[in-house]
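A short write-up of the structure that comes next.
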Amino acid sequence: MKRTWFPAVMVVAFVAAACTGGGDGGESPGGNGTTGVEHIILWQGYGAPTQPGETPNREADSMRALVEEFNTTHPNISVEIINYNNDNALAKLTVALQAGEPPDVTYQYGSSMPQLAAAPGIVDLTSRVEASGFDWNDFYPGEREAATVDGRVLGIPALVDNLAIVYNKDLFDKAGLSYPTPDWTWDDFRTAAKALTDPATKTFGFAFPADASEDSVWHYDAMLWEAGGDILNADNTAAAFDSPAGVTALQALADMAVTDKSVYMDFQNTKIAGLFNSNKIGMAVTGPWDLPSFPNVNYGVQIMPMFPGGDHQTIAGPDNWVLFDNGAARLDAAWTFVSWLTAPEQVLTDSLVTGHLPIRQSVTQLPTFDRFATKFPGVDVFVANLANVQKARPVLKAYPRISEAMGQAIIAAMTGEKSPQQALADAAQQVNDILAIPA
Amino acid sequence: MGRLRRALASDHVAGWAFIGPAVLLIGVFGILPIVWGLVLSFQKSDLIDPNTPFVGLTNYRALAHDHVLRIAAGHTLVYTGVFVPVSVIGALFVAVALNRKIHLIRFYRTAVFVPVVASTIATSIMFLWLFDAQYGLANWLLGKIGVGPFGFFDSPRGALYAIIAMTVWGWVGFDVIIYLAALQGIPHELVEAAEIDGASRWSIFRSITVPLLGPATLLLVVWSSINALQLFDEVYFVTHGGPPPYNTAVVVWWLFSLAFRLGAAGYAAAIAYVLFLAILVLTMVQFWVGNKVVHYSS
């Protein structure tokens, strides 16, 4: 009897454990009502806080400090941080949604919003942001646009940035060049990039994220708009980047990369910041988030060059906090946290640590805001550059596929595999095929 | 009550009880996803929108028009065709070299096996810097002997081979362990008899060692082929399928991109199923051929 009794019990126990184990995950660990503390999960993509001996990760450190402050000042809410890499945010959320366990608050790229609009449990924040006291219009227009899908506000701006030239003053001095000016053209940029390039010391005038990802594409987008072009036509039904303006913009990149060989092509998109900090790159087109990574460089910041007859533009990449409904109590707690986190005082606190541009316009009026530009030289150019954001990428579910086709075209032209005209024509054909599929 | 007692006492119950946990785990993490993947391959889904209409064979028909998939399949075949023979034959020679009583032999064996234990991502980061076209140690060393510089991961033609080199280095240790175990199993009297008959070391290796390693070789060829056809980590992390356009794109990398980046999970599931069938057929062919050629000693 004993021989079989024991395993049978074990199986029953195991199955029971497995079943209850699955059920437990759906409940909030601390939200049991007896303690009165609402436990919420925050996914943030700045990675893990700095460990002793590591290069500081100021973004993650700032986020942890703010969450700790919130937890201390709000005894009824406990926010738990889960770290990941922002590039994987959508994939990770996809998996969590399949499991039916989305986080309460998650950092997501602005370009992911159209897909997320259909996600089960995503919170429509429209009425909350319109309530008095929140001051939704304090956020920059481009941010609000990127948080809104079909008239529904589905995210709260988490970060805004834009692209400008960050240049190495020492390398300019050594080459006897004068620094970039606000009325530079892309020809001036090309000439400087060529003069800065020195094969003997493996120094490059310019560096480009060449992994054909969205990072490659948005660098090109800004130039496309400056040349007078657009990504899609006005009603988003066909590609427009294969216009003469699109070719002009891509030709400018190809001239530097293929003809002059003055561009460091970072095919894995992992090395530019490190090389710039090692004084190997003359100019990078990048955003304010990179400035704290350049402690060894005497750098300057200048707005993007223009094409003859065009104007200065740039591109903004607003990202959002997205909320998911895990019950009314947790949702209220999550909203309390996000509205606290994005209030002007906390935004400034974060900016002063990380160099992030303030996401609210009123932050620039706060008394201690002048410390920002002192602490991060050149960041004032990025703040002013927000005014040069004139256009946004199309808010479309098919956008990732459009970006995929464009990314391949841009790098194919910059490696000399195809002419800019041919590369863009091929990509336009692919994009038109994608857009023709009824969504 | 008597019937229940008798039922509980039977060997069936005990047997099921013992395999129960394993069945449950395989069911949840193996069978369930396989079935769900099959259902998904007939749906239009981005894994986010809960509205997933059935689209019949549309996803499977789309396979024929996917030019990236064609490129990726070609790269996967080239990768498998080079990786499997190079790693298995390479491992055979390393294993024979390590199968003797020399000083520090344990250290050498450990050194060969260490890359297998190291995480793929860690070795990938190491190779990213080692193989950096401008600043890497590999080009610096090759330059000393007047070779190169090579583009490695940046080279449109060479990147796939750089991945092969990296993965062979990473996996050869596993094959070596299997071969070492098999080498210890070769009856010593066979080798002794051959030596007495005056056979050279090369002909002993060719006529005795290699045939007796047949079962191990078959195992390694089948196992390496299955792994090679599912190459993903290194491509995802090191080259992102690039340098553009898609110079190291392989099938699993492309289906991952489709499912988790480009919002085409249904179509990606269809690719996964076709890949599954391809691997199944290849494995069956390998066993069929292998069983005709391989010599089992017992």
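Throughout, protein chains are lettered first and strands after them, A, B, ... in sequence-line order, and every chain is numbered starting at 1. Any value given below was found using the heavy atoms of this structure, including those in side chains, with hydrogens, waters and symmetry copies removed.
Shown here for B:Leu128 and A:Lys271, the closest heavy-atom pair between the two residues is O-NZ, 3.4 Å. Minimum heavy-atom separation, B:Pro50 to A:Pro120: CD-CD, 3.7 Å. Nearest heavy atoms, A:Ala119 versus B:Ile48: CB-CG2, 3.4 Å.
Contact check for B:Val68 versus A:Glu404: no side-chain heavy atoms found under the 4.5 Å cut-off.
Summarising the local packing, OH of A:Tyr84 is surrounded by more than 12 heavy atoms from other residues, nucleotides or ligands at distances under 6.0 Å. No more than 12 heavy atoms of other residues, nucleotides or ligands sit less than 6.0 Å from atom CG of A:Asp150. Crowding of A:Gln421 atom CD: a count of heavy atoms from other residues, nucleotides or ligands under 6.0 Å not exceeding 12.
With a threshold of 4.5 angstrom between heavy atoms, A:Asp266 does not approach chain B through any atom at all. Contacts of A:Tyr399 with chain B are absent, with no heavy-atom separation under 4.5 Å from either backbone or side chain. Only the backbone of A:Met265 has a heavy atom closer than 4.5 Å to any heavy atom of chain B. Contact annotation for B:Asn51: neither backbone nor side-chain heavy atoms come within less than 4.5 Å of a heavy atom of chain A. For A:Leu275, the part lying under 4.5 angstrom from a heavy atom of chain B is the side chain only. Looking at B:Tyr246, both its backbone and its side chain come within 4.5 Å of chain A, counting heavy atoms on both sides. A:Gln430 touches chain B through its side chain: at least one heavy atom from C-beta onward sits under 4.5 Å away, while N, CA, C and O do not.
When A:Pro400, A:Gly407, A:Ala118 are compared by the number of non-hydrogen pairs under 4.5 Å with chain B, A:Ala118 comes out ahead. Of the listed residues B:Phe256, B:Phe237, B:Trp129, the one with more heavy-atom pairs under 4.5 angstrom with chain A than any other is B:Trp129. Among B:Gly242, B:Pro243, B:Ala133, the residue making the largest number of heavy-atom pairs under 4.5 Å with chain A is B:Pro243.
In this structure, the separation between OG1 on A:Thr415 and CG on B:Asn247 is 8.5 Å, given to the nearest 0.5 Å.
At a cut-off of 3.5 Å, with distance as the only test, no side-chain donor of A:Gln115 or B:Asp49 sits close to an acceptor on the other residue.
For B:His240 (side chain) and A:Gln268 (main-chain N/O), a donor-acceptor pair under 3.5 Å exists by modelled atom type. Between the side chain of B:Tyr135 and the backbone N or O of A:Lys202, at least one donor-acceptor pair lies under 3.5 Å.
Below 4.5 Å, heavy atoms of chain A meet heavy atoms from B:Phe260, B:Arg261, B:Leu262, B:Gly263, B:Ala264, all part of residues 258-266 of chain B.
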